[in-house]
Engineer: 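My structure is below; once you've seen it, I'll send some questions.
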Protein chains: 2
Amino acid sequence: MINILVIEDDISIREIINYNLSSKFSVLIADNAEEGLEICQEKKIDLILLDWMLPGMSGLSFLRTIKKRDLTSSIPVIFITAKHEEEDKLAGFTSGADDYLSKPFSHKELMARVEAVIRRTYPEKFSKTLNYKDISVDLQSHKVFRSKAEIKLSPKEFDLLKHFLISPKQVFSREQLLDKIWGLDSDLEIRTVDVHIRRLRKAINLEGFSELIRTVRSTGYSLD
Amino acid sequence: MINILVIEDDISIREIINYNLSSKFSVLIADNAEEGLEICQEKKIDLILLDWMLPGMSGLSFLRTIKKRDLTSSIPVIFITAKHEEEDKLAGFTSGADDYLSKPFSHKELMARVEAVIRRTYPEKFSKTLNYKDISVDLQSHKVFRSKAEIKLSPKEFDLLKHFLISPKQVFSREQLLDKIWGLDSDLEIRTVDVHIRRLRKAINLEGFSELIRTVRSTGYSLD
DNA sequence: ATTAAATATTACAAATTTATTACCAAAATA
DNA sequence: TATTTTGGTAATAAATTTGTAATATTTAAT
């Protein structure tokens, strides 16, 4: 889980940010720089959203402090500025990893910036491939391989295989699969799952390769 | 990796430079010219950032020394000067490869100068062209080639292709492409992307060349 | 061996998704 | 301003995927 520290004195902006980010990340709040520094010390913070204009200790001195300390120096920072004009001043202090966001910002902008910085800084956290035995699914390119051979799957087949790969060996009932792959509100024949399993099997069981999907009678299916 | 030697006595400027450059380059620091000379001898330096006003050995004599020695004579130098006026005096000593930077400078300026000098001096290490398979995009001249054949693209087609070339094989959803190419706040039909993909395909799929843009059904497109 | 229940297989029509085209508006260029 | 190029939309065609139902096969218990 990614921990984001938000340092912002304006309660309404704080709440907007918290509301938007907390669906995907764990959010910590500080309403001044001193409190922010304390939190940085106590918890492992992955990203800081920093209001550039703070009462008391300024954003600039906060930045200097965390960049000086080894433990915190590599945490990326997104600056929240009031106007576009500020960007020039900021320019001198930001590193390549950092970014800024001008008020007012939309949900889309906020999320895009945060996600971009996180992807850039922690590429390894966004695991790109799922592997099990000789099968691998590359989530970035959406490609599936059995050993070296590429396998073409339809969207539902891909989702199904991906779901199995997240928890290999676990048996999923047909109901569970319908809920997860098709959505809770889908209203399909339960036997539809059988047909899709059949299609997935046909696609991945290339000549000379072993069966990967196990039928657990009266229970469901698993990747095994 | 590019090694940059920074010779600067002012600790705060040194830190700003180090902070900014270290995200992209390997940075070595000297706080006087003598130390700088030593480092030049020991390590392979690709670029020197030299403060023109140094205590002890001056920037000028440092420059003369390294230009005299074979091993170091072709290292490009960016001079850091206090005022714009200095530029005239400098002009007499700089070679075509060199450049200067006046204090105070922004992150943007610093990076732009450094990258420009490096591109100029080591075009092979830092080419401004994107390549994938037989397609290449020159970002400087905005020219696109399929093998040897030049391809003419409209602005949107160019942006689209460029975006694909930055992350080949990665699948982008139509939403992502709209956000990246058209901007977060654009309010366009999602199917507009299809039409542009079609146009780009038509433009780059010259007779006898393979399809480069892959459709990933229900997901998006990728360069592949 | 018989039987009932569960699963596998198949074929087909419907639904979904993408490709292609033409057209008009907007923007760039001469 | 006139002309050309580019860009966005909607309509239609084409392709692929999906859900279902019917039938066959397998499994396990008696």
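Residue numbers begin at 1 in each chain, while the letters A, B, ... track the order of the sequences. All of these numbers come straight from a predicted model, not from anything done at the bench.
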Engineer: Quick one: do B/Arg174 and B/Asp194 make a salt bridge, cutoff under 4.0 Å?
Structural biologist: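 A salt bridge is present here (some side-chain N lies under 4.0 Å from a carboxylate O).
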Engineer: Are OP1 or OP2 of C/dA8 and a side-chain N or O of A/Arg201 less than 4.0 angstrom apart?
Structural biologist: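 Yes, within the criterion.
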Engineer: Can you tell me the distance, in whole Å, between the CZ atom of B/Arg199 and the P atom of D/dG8?
Structural biologist: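 One finds 8 Å between P of D/dG8 and CZ of B/Arg199, rounded.
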Engineer: Looking at DNA chain C, which of residues 174-192 of chain B put a heavy atom within less than 4.0 Å of it?
Structural biologist: B/Arg174, B/Arg191
Engineer: Thinking salt bridges, do A/Asp138 and B/Lys169 make one under a 4.0 Å N-O criterion?
Structural biologist: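 No.
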Engineer: Would you indicate which nucleotide in C/dA8, C/dT10, D/dG19 comes nearest to any side-chain atom of A/Thr215?
Structural biologist: C/dA8
Engineer: Can you work out whether A/Lys202 or A/Val216 has the more 5'-proximal nearest nucleotide on DNA chain C?
Structural biologist: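 Nearest nucleotide further toward 5': that of A/Val216.
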Engineer: Got a sec? Which of residues 151-161 of chain B come in under 4.0 Å of DNA chain D, heavy atoms?
Structural biologist: B/Ser154, B/Pro155, B/Lys156
Engineer: Please give me the minimum heavy-atom distance between A/Met1 and A/Asp46, naming the atom from each residue.
Structural biologist: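 Taking every non-hydrogen atom into account, O-OD2, 3.9 Å.
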Engineer: Is the backbone N or O of A/Glu8 less than 3.5 Å from a side-chain atom of A/Arg14, with the two atoms forming a donor-acceptor pair by type?
Structural biologist: yes
Engineer: Taking OP1 and OP2 of C/dT17, is either one under 4.0 Å from a side-chain nitrogen or oxygen of B/Tyr221?
Structural biologist: no
Engineer: CG of A/Asp194 versus C1' of D/dA22: gap in Å, rounded?
Structural biologist: 14 Å
Engineer: In whole angstrom, what separates B/Asn205's CG from C/dT20's C1'?
Structural biologist: 15 Å
Engineer: With a 4.5 Å heavy-atom cut-off, do B/Val114 and B/Phe25 have their side chains touching?
Structural biologist: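 Contact flag for B/Val114/B/Phe25 side chains = yes.
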Engineer: Which of the following nucleotides, C/dT9, D/dT18, C/dT18, is nearest to the side chain of A/His196?
Structural biologist: D/dT18
Engineer: Is it true that, when you exclude A/Lys44 itself, more than 12 heavy atoms of the residues, nucleotides or ligands shown sit nearer than 6.0 Å to its NZ?
Structural biologist: yes
Engineer: A/Arg217 side chain: which of C/dA11, D/dG7, D/dA28 is closest?
Structural biologist: D/dA28
Engineer: On DNA chain C, nearest-nucleotide positions of A/Gly220 versus B/Ser218: which is more 5'?
Structural biologist: A/Gly220
Engineer: If you compare all heavy atoms of A/Asn205 against all heavy atoms of A/Ser210, which two are closest, and at what distance to 0.1 Å?
Structural biologist: OD1-O, 3.8 Å
Engineer: Can you check the A/Arg198 CZ to D/dT26 P distance for me, whole Å?
Structural biologist: 13 Å
Engineer: Would you say B/Thr215 and B/Arg201 make side-chain contact, with heavy atoms under 4.5 Å?
Structural biologist: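 When only atoms from C-beta onward are counted, B/Arg201 and B/Thr215 do touch, with a gap below 4.5 Å.
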Engineer: State, yes or no, whether a side-chain contact exists between B/Ile17 and B/Ile4 at a heavy-atom distance under 4.5 Å.
Structural biologist: no
